[in-house]
Structures are given as C-alpha cells and as structure tokens.
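Written out below as structure tokens is the structure these notes cover.
Each chain gets a letter, A, B and so on, in the order its sequence line appears, and its residues count up from 1. What you see is a predicted model, and the numbers here were worked out from it, not measured in a lab. Both backbone and side-chain heavy atoms feed into the values below; hydrogens, waters and symmetry mates do not.
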Amino acid sequence: MAQLYNHHEVEPKWQKIWEDEKAYKTDNDYSKPKYYALVEFPYPSGQGLHVGHPRPYTALDIVARKRRMQGYNVLYPMGWDAFGLPTENYAIANHIHPKTVTENNVARFKAQLQSLGYSFDWDREVNTTDPNYYHWTQWIFLKLFNAGLAYKTNMPINFCTSCKVGLANEEVVNGKCERCGSEVIRKQQSQWMLKITEYADKLIEGLDSVDYIERVKTQQRNWIGRSTGAEVDFALTGKDDKLTVYTTRPDTLFGATYMVMSPEHPYIEKYKDEISNYDELIAYREQAAKKSDFERTELAKDKTGVEIKGLTATNPVNGKQIPIWISDYVLMSYGTGAIMAVPAHDERDWDFAKKFNLPIIEVVAGSSVPVTEQVYTDVAEGKLVNSEFLNGLSVADAKVKITEFLTEKGIGHAKTNYKLRDWVFSRQRYWGEPIPIIHCDKCGYVPLKEEELPLMLPEVDSYMPTDTGESPLAAMTDWVNVKCPKCGGPAKRETDTMPQWAGSSWYFLRYTDPTNDKELASKEALKYWLPVDWYNGGMEHTTLHLLYSRFWHRFLYDEGVVPCPEPYQKRTSHGMILGSNGEKMSKSRGNVVNPDDIVREYGADTLRTYEMFIGAFDLAASWSDEGVRGCRRFLERVWKLQDITVDGDTYSSDLETNMHKTIKKVSLDFESLKYNTAIAALMTLINDFYKKGSVTKAELKTFLTLLNPVAPHITEEIWSLEGFDGRIYNTAWPEYDEAKTVENEIEIAVQISGKVRGKIMIAVDEDKDSVITKAKENEAIAPLLEGKTIVKEIYVPGKIVNIVVK
RNA sequence: GCUCCGGUGGCGGAAUUGGCAGACGCAUGGGACUUAAAAUCCCACGGUGGCGACACCGUACCGGUUCAAGUCCGGUCCGGAGCACCA
C-alpha cells in the first residue's frame, strides 16, 4: 500500500528540486523552435493574490508545460505592473514610501505564486517601477514625442473642490468625491496626449492577421468605432460663418429640422452678444460640466437642452431656416461638436424632438407607423421621399448621391470618423514614470537626451497633489528648475507622470531580454521571440490595455524597433471567479477566498485542478468549497493508482481505444481553452482503471504525463516513486494513433419521425442500406412501423437513423 | 444608454458542422465496511404518471425554419463585462 498522499511534503519538495535543477529556465538557444506564452502581469495590490489570479496563470502554465514536453524552447515569464493609484493612496494614508509598499506587496505575491508551482522563468522577472525598466518606457515616450505623436492640450479632469485634487473616474461616486463626499467638478487641465487616432486604421486592419477570440476582435473594432459619413456645412443665418456637422446619414439631410451643438461649442462665446439667453446657456453648460461623457450620453428618456435664441442655421439643400439648440448628449470630443437633427430617423433626435415639440419630417419611407409616432431607423428597406433629387433612391444610393452633390457645391464632403479618442497620457500623481520633457519659455517642449535616461522619480516629502491640482513633483523646486537643454535658459521639468498603462504597453518585449542596459531588448532576442504566441488576459482589458499595447507595438514596428506589426498572435480571455454566492468577491460582501488557505489545506495541485475544472474557461464561475474537495478526492484516487499498478510496457487491449481517445481529447482540449473537459476525460479514464482493477505501467505513464501540466507536483512524485526514467517535466508528450481512437462497433439511435424509439449496433463503416434494414428489423422499431407509410429514410453516418412515417 | 457576452437538473457544468440533452464533478438518498463515526467502496439521482415494460413533458419566454433545434432565424425578459484617470 502506498503511503497517504501528503501535499505538505510533496509540493515543497518538488518546488525545491525544480529550482535547483533550473527546470523552467528559458533556453537562449535560438536554433530551437520557440513558444512564447504570456499572461497579464498582476498589479501587486495590498490584498495579496486573489483566487482569480491562478485561473489564467494555470491555464497557460498547462500550455507552457505541454510545449516544453513537445520540444519547444518556451518563454513563460512573470513580472509586476507596480505603478498605480492604490499603492499611492495607501502610501499617503500610512506615510510609507510607495516604493516600500510595492516591495512588500511584490514579495508577498511572488511567494504566493511560487507556492503554486508555476513554471515561470523567474530569472526574467520585470518590474515597471524599476528605473532600469522605466528607462525604456521613457525612451518609447521620447520616440513618440519625436514622431509628433505626443502633444499637449487642455482636457477636463475630475477635480474635488475640497481636497483640491484631480480624481480618477473610479474615485468619483455619484458625482461626489469618494474620500470626502464633496462635489466634483470638471476642471480644464493641460494634459499630455498620444495620437492613437492616427493609428486607428492600422489597429483595425491588424486584427485581420491575428487569431483573437472573435468577441475580442469585435470589441476592439467597436471601440475604435470607424464610421463613414459626411461633414456638411450649414450657414449661420445672416452671418458669414458656418456650422459644420458630422453625420453618418447624409441621405436624411432634407429631414433636418433643427441642430444641436455641444454646450461647450465655441460659437456660444463667439456670438455671445447676439444670443439673448446667453446666461441660460451658461447655466446649462455648468450643469453639464458636472457630468462625465458617460452620464451625458446615457438615459435616452431624459433629454435636456436649451434653444439658442438669436441664432439660426440654414439647411444648405432646401434653404430652410432651422433653430439651434444645445444639449449635453452632443459631445465636443466626437465629430465636430455639433449635429444636424433628423428626428424622423434617429432615436435620440426623435426623443429630443418629442420632448421639445420640434417638427418631425419623414424622408425615408417604409415604416408601417407614422414617424410622428415611432422613429424609423431601418436603412435596408426604406426609400427616400420629400427629398427632391433623392426621391425614390435607397438609403445607400442616396448617401452616395448627396455626398457627390455636397462635394460639387463645396458645402460638404465624405468623412471618416472614429469613436476612438486620443489617449490622455498625463496624471497629476507621484507614483508613475516621470515624463522626460522640459518646458522652456523660448524653445517650447524640449525632450531629454537619450543619454539622460532614466529620469529618476525623485524623493518627495508628500505624495499629495498640490493645491492647484498639479503633481506632487511640482513642489520639488530643486528638481523642477533646470536649464533648457537647447538654449541653456531657465526652464522647468514636466511634473506630470505617466499612466499605469504606459509600463504595461510593452512589458512583453522586455521579457525577451530583461537585463539589457543598451536597448529595450536586443534585436536578436526580439526577432526570435516575437510575436507572443499566446496571450491570455481578462475580458476587462479587451479595449484599453490591449489596444494601447497594440498601438505602441505598431508604432515601434514603424520605427524599426520590433520585427512584426502585431504583438500578440493569439489572444484569449478568462472569466472571473466569483464568490460562492455568485457575486464578485469583496471584503464587504464577506465572500473572499484566500488562495493560501486552499494551498495549505488541500495543496497547490488541488487548487490548480479545481480552477481548471470549475467551468467554461471564458465564463465567470462561482467558488465552491465542495468542488475543491471533489478535486482533492480525484488526486487521491490518482495517488492510489500506485496500489493497482502492474507490469506492462503496452496498453492493455481492452483499454487501448480509451487511451488513444483520451490522449487525443486532452491534447486538443488543452489547446482550445477546454481545460474542464480535459480533466473530465482524465476522471473518466481513471474510473475505467478502477473498474478494471489494474493499470499497466505504460498506461500509468501516459495518464501521469497527461495530468502533469495541471497537477505537476503529485505526478512528479508518483513518477519518481514508480522508478520511471528521469523527470516527468522533461518527458515527451504522449502520441496517439488516430486509427485507434475509434471503436469498430458503435451504438446509434433510431428515430421514428424524430423521436428516439430504439438503438442498434452497427459497424463504423456500414453502408446506409444495411443500417436502415437493421433499424427496421429492430424489435423495438418493427412493431411501430406496421401499417404506416414510410415517407423518408435518413441515415447520418455514425450518428443517427430517422425514419419518417405517415 | 451604447458595445460585447451569457441564460441547460438541487448546484458547477457537458453536448465537432443542427443528429440519443444532462458527460464529469458536487450535493442528496439508500447499501457495504465499522462497536460507532469519519474516510473509502457500490447503487440511485430532470419532472409528471404507472407495480412495471413504458408514456408524456423538459435547455429563460413567445413565434418561425427543418425529417430533426440547447444549437439556426425574428421578437421579449433576465444576468454579467467594458465605457477612456481602477488595473
């Protein structure tokens, strides 16, 4: 009898051996085929590792381990995305340097990850807060700046009137400051921006060449939001000026019955003197300023707005004079900050027109309900009406014709627009990468020289932003006041820091050559390792992080720094792990599970197995303590296979098909995010071993090898106790014979008119006539066919027989 | 609100291109072992009716396509993720 399975001994023992043997150290042998598996590096929060972290890490650990067994040179690295707001806030509250906070958190995270037995190459660990790392983050920023892709502009930020601090959106709760409850306003602040919009088309087109799960591609495309339409000029009545609008429906131009400008539109100031209700407009603008864009565009039911008295516009195609309104659902940041409203054929315009009693004119016919009662937005069926030379055309044809007309007359032109906005790149915070720019009154923004990098984050007395909302670095006058590198005159350093997204936009490059102090990584290393073969991360990073890092990568490709245009060949996403009550885990809900407790009580292998078995990898799953115990029970059954192991270097004949089938299923499932069914197949196989009462050494070897990527410690221990050669971690992945994965004889169902009425045994390759005859002769079927007329006989090979009767 | 995703037993979930709904695990009930319990092993386990072979119903809801629908199409309801300064 084997001893009891004791994970307290087995797991630390093998973790030590793997470390001593450098089992997972990535080879620098560039002649071998490579495989780069990547998981999103964590933010080392003060709470320690969450049970959500091991889900993706285990999944790609499985892939990495399997690839090593298949002979690949595997890069599976880990690091820390350590700049960020929570650390800074903790530092402020507890008067500890954020660097110290980070060090402590990283140490804890690392110990926790190591206790889970991941095959990370810890020699390649990176940390975004390490000056040797952010040296290159700053270097990339300088490249962007020199390429004209970084610029400064005024952007609104959330500002707490009481704390005098710029706030992250997350710190604004119902329009109030999360810390003090005071009112939050939108304050204009000069900000560094990155021109990601210049890369919009490249970022859309790049998606065609990569293998991302479809919904990630869809989300990226929709986020970029490319739309084609037209810009149209409306003359301001009696003025020399024009109001330009962007519309995706130029075909409906004859139906424009009013216009709406964003409350921030510059014309309000420009024509201040002619607007009789200026004060009212300003009051409305102040109200709107309190809302985020998100709040402004939500709640379609509750439209607000004010008519501008004293200013009207002229519709360029029919000369009609129409009123101009302001409303917060029109954003200055999208299009031209003004729209033409066609209430008959646009939902928001319709709601607005109904509320303020504005005319609704039908220009696309096809609705069964009058447009005064229901908006009609169909573009496939409708035909143009009330539109002079457009009448009778389809929407698509009308779009082309009106755009030509506008272009000819010089009052408009085709225009592509994007929902994507430029990336706000400054933070008025301490704990981030300093922006390597100097402001000189004479020379403007002057970049630091490359040799001066890294620009170190200086020590400060307080991490609090200043009263004016500037970064705490602004108070460091010694650091701030410098000589202009160009003219030698007095100048000031930029005191804003970069957002956390900066460091995480290129970390996967650094892993290929993490200690290089001459370049962000050597050309050879990048050429060999890139692109990342498989990148897994949370669905919550699908739009921002993924898009930002693709943008930087594409830029670096254009600059000749990296060898390929797209950074990630394959992208998958995992679902969240929820508490046992199906809600998000949080302290306040009291449903938090600490992975340390699970490792202590059941072992790392149990935790790994459970998290892979918990459900469909891409969907959210609820934690279950009973489920964990079930997985522990499975591993104990694996352990006890030692008691029924018999000699034999081949698969026994009655299990042969089963073995080949399972190798195939597990091999394929590990590649396609179906870890739960792979484990289910292994459970089924072990049940067969026990049913039979014995397992040959050959069968055991295969079984252990298939399970090893999921549960590396216990399989390594049994491997060694059974005296098998070498280590399981560098044994070869089992092969299967396709011909041996199918039974010769199979059972199929026989239906009569679509209902299962019996089963028959057939040979896999039996022909249709023979199968149908067998079905009709079946004792359960034959009586049911008596006196009936057979209308149709269907045989789907290897699947089903259906006899349709009357 | 906008974009995307999901809804299957008591529970987590399974079901290549439409082809036997409920694999595997959990919970529960019964049995074996035990002085007893735990652990382990065996059996049952969607609902309704029937002693029973069996019959009917059943994949959120309504309708459609098909010999055949969890899967495809149209509509409705409910839940989740993201929404640009959380990471």
At under 4.0 Å between heavy atoms, what does A:Thr542 touch on the DNA or RNA strands: base, sugar-phosphate, or nothing? nothing
In whole angstrom, give me the gap between the C1' atoms of B:C33 and B:C42. 11 Å
A:Arg633 side chain near B:C26 phosphate (N/O to OP1/OP2, under 4.0 Å): yes
Would you confirm whether the ring centroid of A:Phe703 sits within less than 6.0 angstrom of the ring centroid of A:Phe689? yes
Any carboxylate oxygen within less than 4.0 angstrom of a Lys/Arg side-chain nitrogen, looking at A:Glu40 and A:Arg571? yes
Any idea how A:Phe109 and A:Trp80 line up, ring-wise: parallel (<30°), tilted (30 to 60°), or perpendicular (>60°)? perpendicular
Of A:Val804, A:Val801, A:Ile800, A:Ile803, which meets side-chain contact (heavy atoms from CB on, under 4.5 Å) against A:Gln751? A:Ile800
Full working for ring-ring contact (aromatic ring centres under 6.0 Å, His included) between A:Phe352 and A:Tyr329: CA-CA 10 Å; A:Phe352 193 88; A:Tyr329 77 91; 5.7 Å; yes
Taking atom types as modelled, find out whether A:Tyr43 and A:Thr87 have a side-chain donor-acceptor pair closer than 3.5 angstrom. yes
Taking the six-membered ring for Trp and the full ring for Phe, Tyr or His, determine whether the centres of A:Tyr133 and A:Trp506 are under 6.0 Å apart. yes
NA contact type, A:Arg637, heavy-atom cut-off 4.0 Å: base, sugar-phosphate, or nothing? sugar-phosphate
Please give, in whole Å, the distance from B:C24 P to A:Arg629 CZ? 22 Å
For A:Phe141 and A:Phe425: C-alpha separation, side-chain torsions, deciding distance, then whether ring-ring contact (aromatic ring centres under 6.0 Å, His included) applies. CA-CA 10 Å; A:Phe141 178 83; A:Phe425 199 70; 5.6 Å; yes
Looking across every strand, which nucleic acid part, if any, lies under 4.0 Å from A:Ile679 by heavy atom: base, sugar-phosphate, or nothing? nothing
What residues 425-434 of chain A contributes to the RNA chain B interface at heavy-atom separation below 4.0 Å is A:Ser426, A:Arg427, A:Gln428
For A:Leu578, answer base if it contacts any base atom (sugar-phosphate contacts may also be present), sugar-phosphate if it contacts only those atoms, and nothing otherwise; contact means non-hydrogen atoms under 4.0 Å. nothing
Contact class for A:Lys755 (heavy atom, under 4.0 Å): base, sugar-phosphate, or nothing? sugar-phosphate
Protein proximity profile, nucleotides 4-19 of chain B - base contact B, sugar-phosphate-only contact S, no contact -, cut-off 4.0 Å on heavy atoms: SS------BSSS-B-B
When all nucleic acid strands are considered with a 4.0 Å heavy-atom cut-off, which category describes A:Arg757: base, sugar-phosphate, or nothing? sugar-phosphate
Please, what dot-bracket string fits RNA chain B when only Watson-Crick and G-U pairs with both distances under 3.5 Å count, crossing ones use [ ] and pairs to another strand use |? (((((((..(((......[....))).(((((.......))))).((((....))))..(((((..]....))))))))))))....
Assigned chi class of B:G9 under the 90° convention is syn
By the 4.0 Å heavy-atom rule, please label A:Gln191 as base, sugar-phosphate, or nothing. base
Centres of the A:Phe508 and A:Tyr535 rings: under 6.0 Å? no
So what does A:Asp81 hit on the nucleic acid, given a heavy-atom distance under 4.0 Å: a base, only sugar-phosphate, or nothing? sugar-phosphate
Step through it carefully: locate the ring centre of A:Trp552, locate the ring centre of A:Tyr199, and say whether they are under 6.0 Å apart. no
What nucleic acid atoms does A:Glu626 come within less than 4.0 Å of, heavy atoms only: base, sugar-phosphate, or nothing? sugar-phosphate
Considering only B:A87, B:A81, B:C83, which nucleotide approaches the side chain of A:Met576 most closely? B:A81
Among the nucleotides B:C26, B:A84, B:C86, whichever has the atom closest to the side chain of A:Leu85 is B:C86
Does the side chain to side chain donor-acceptor pair (under 3.5 Å) test come out yes or no for A:Arg421 and A:Tyr334, once each step is laid out? CA-CA 8 Å; A:Arg421 307 205 291 263; A:Tyr334 182 72; over 6 Å; no
Mind checking A:His541 for me? I need base, sugar-phosphate or nothing, with any heavy atom below 4.0 Å counting as a touch. base
Length of the CD1-P vector between A:Ile748 and B:C20, whole Å: 11 Å
Counting only heavy atoms not in A:Lys419, do more than 12 fall under 6.0 Å of its NZ? no
